[in-house]
Each structure stands twice: as structure tokens, then as C-alpha cells.
Undergrad: 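Starting off with a structure, shown below.
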Amino acid sequence: MLPKWHVLFGAILALIIWIAAPNTSILYILLFFFSSFLIDFDHYICAVLNTKKYSLGEAFEYHKEMDALDLKRRKKGIKEKGDFHLFHTIEFHILVGILGLYWVGFFYIFLGMMFHSLTDIYSLIYSSEVYRREFLLVNWIYGKIKNNN
Ligand SMILES: [Zn+2]
């Protein structure tokens, strides 16, 4: 899902939370809102690592090219995982969730990430691209070890 949609949906839900629970600190509402789309920073990191270019426009272009490449492969019946996105793994969500037990701000970041990931999963299912994502950090590490042997 494109970041602009994450920003829009995150803003709508942040507003709903604010209206439903007006005593919630604005800091927590903002943490929810920003985490609902900044989790995609890992996509930017992947683009920079693969293109050696730091521009956001280049990063969008990179992902467009990767999507086109994947579509071509899919038409040939090849379904491969895309780049690994650390912030989108279950382990990273659990880590932030645990940190939320120590500072409530992390709990709101966790909620923002969860909301983001649910919309991502919906979008991946809708476009039949669930296979592209590695959800488990442990699987990715295992794959790296296996490929190096
Ligand atoms: Zn995402």
C-alpha cells in the first residue's frame, strides 16, 4: 500500500481515537499517527541500500520497478519474496509491544504499527501478493544462513 494511503488512514484513525478518548495526550495520538506510516522507513532503507541513492523520489521509483519486475515474474508463475522489511516483522512488533509495558508511548507506537500492518496485509491479500513479504525475522535469518552454506 502506498504511504499516502497509510498517512490518510492513520490520520482518520488518530482523529477517531482523539474524539473517542479526548483525554488521551496529544503526544500519544501523534505517536500513533506517525508510527502508522513511518514504519515504512524500512522500505526507504532497502531502496537506498539497493540503489545507493538517498532521494525519496528514487526510492519510490525503485519500488515501482520492483513491483513491475514482480508482476512480470508472477505472469510466468514465479512467486518470489521481495526485499526484507525489518520493521514489518512480527518480532519487531512484539519488541515494541513489550517496550509498551515500560512506557505507554511505545504502546501507541505499537498500535500505529499494528494498524499499518493490518492495512498492509489486507492490501497484500487483495492484490494476491502475500508471498512477497517475509513476516518473520527468524525465517529471514535462517534463509541467510542456509544460503551462505
Ligand atoms: Zn508497510
Undergrad: Can you see which heavy atom on S55 is nearest to which on Y44, and at what distance?
TA: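 Of all heavy-atom pairs spanning S55 and Y44, the closest is O-CE1, 4.2 Å.
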Undergrad: Looking only at the side chains, is there a donor atom on one of H85 and D40 sitting less than 3.5 Å from an acceptor on the other?
TA: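 Judged by distance alone, the side chains do not pair up.
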Undergrad: Taking C-beta and beyond as the side chain, do F115 and T119 meet within less than 4.5 Å on heavy atoms?
TA: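 They are in side-chain contact.
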Undergrad: Just to verify, which of T51, D67, D83 counts as forming a side chain to side chain donor-acceptor pair (under 3.5 Å) with Y62?
TA: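 The passing option is D83.
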Undergrad: Is it true that a side-chain atom of E91 and a backbone atom of V138 form a donor plus acceptor pair closer than 3.5 Å?
TA: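 At least one qualifying donor-acceptor pair exists.
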Undergrad: What is the minimum heavy-atom distance between R74 and Y131, and which atoms define it?
TA: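 The pair with the smallest heavy-atom distance is NE-OH, 3.0 Å.
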Undergrad: F135: which residues meet the side chain to side chain contact (heavy atoms under 4.5 Å, CB included) condition with it, sequence neighbours left out?
TA: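 So F135 forms a side chain to side chain contact (heavy atoms under 4.5 Å, CB included) with I90, I121, L124, V130, R133.
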Undergrad: Is the backbone N or O of G143 less than 3.5 Å from a side-chain atom of N147, with the two atoms forming a donor-acceptor pair by type?
TA: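 Pair found, side chain donor or acceptor close to backbone of G143.
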Undergrad: Do you know which two heavy atoms are closest between T89 and L136, and how far apart they sit?
TA: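 Looking at all heavy atoms of both residues, the shortest contact is CG2-C, 4.3 Å.
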Undergrad: Is Y142 isolated, or which residues cluster with it under the ILVMFWY side-chain rule of less than 4.5 Å, directly or via members?
TA: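 Once heavy-atom contacts under 4.5 Å are chained together, Y142 still belongs with nothing else.
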Undergrad: Distance from I26 atom CD1 to L31 atom CG, nearest 0.5 Å?
TA: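 I26 atom CD1 to L31 atom CG measures 10.5 Å (nearest 0.5 Å).
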Undergrad: I need the minimum non-hydrogen distance between I39 and S117, along with the two atoms involved.
TA: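 For I39 versus S117, the nearest heavy atoms are CD1-OG, 4.1 Å.
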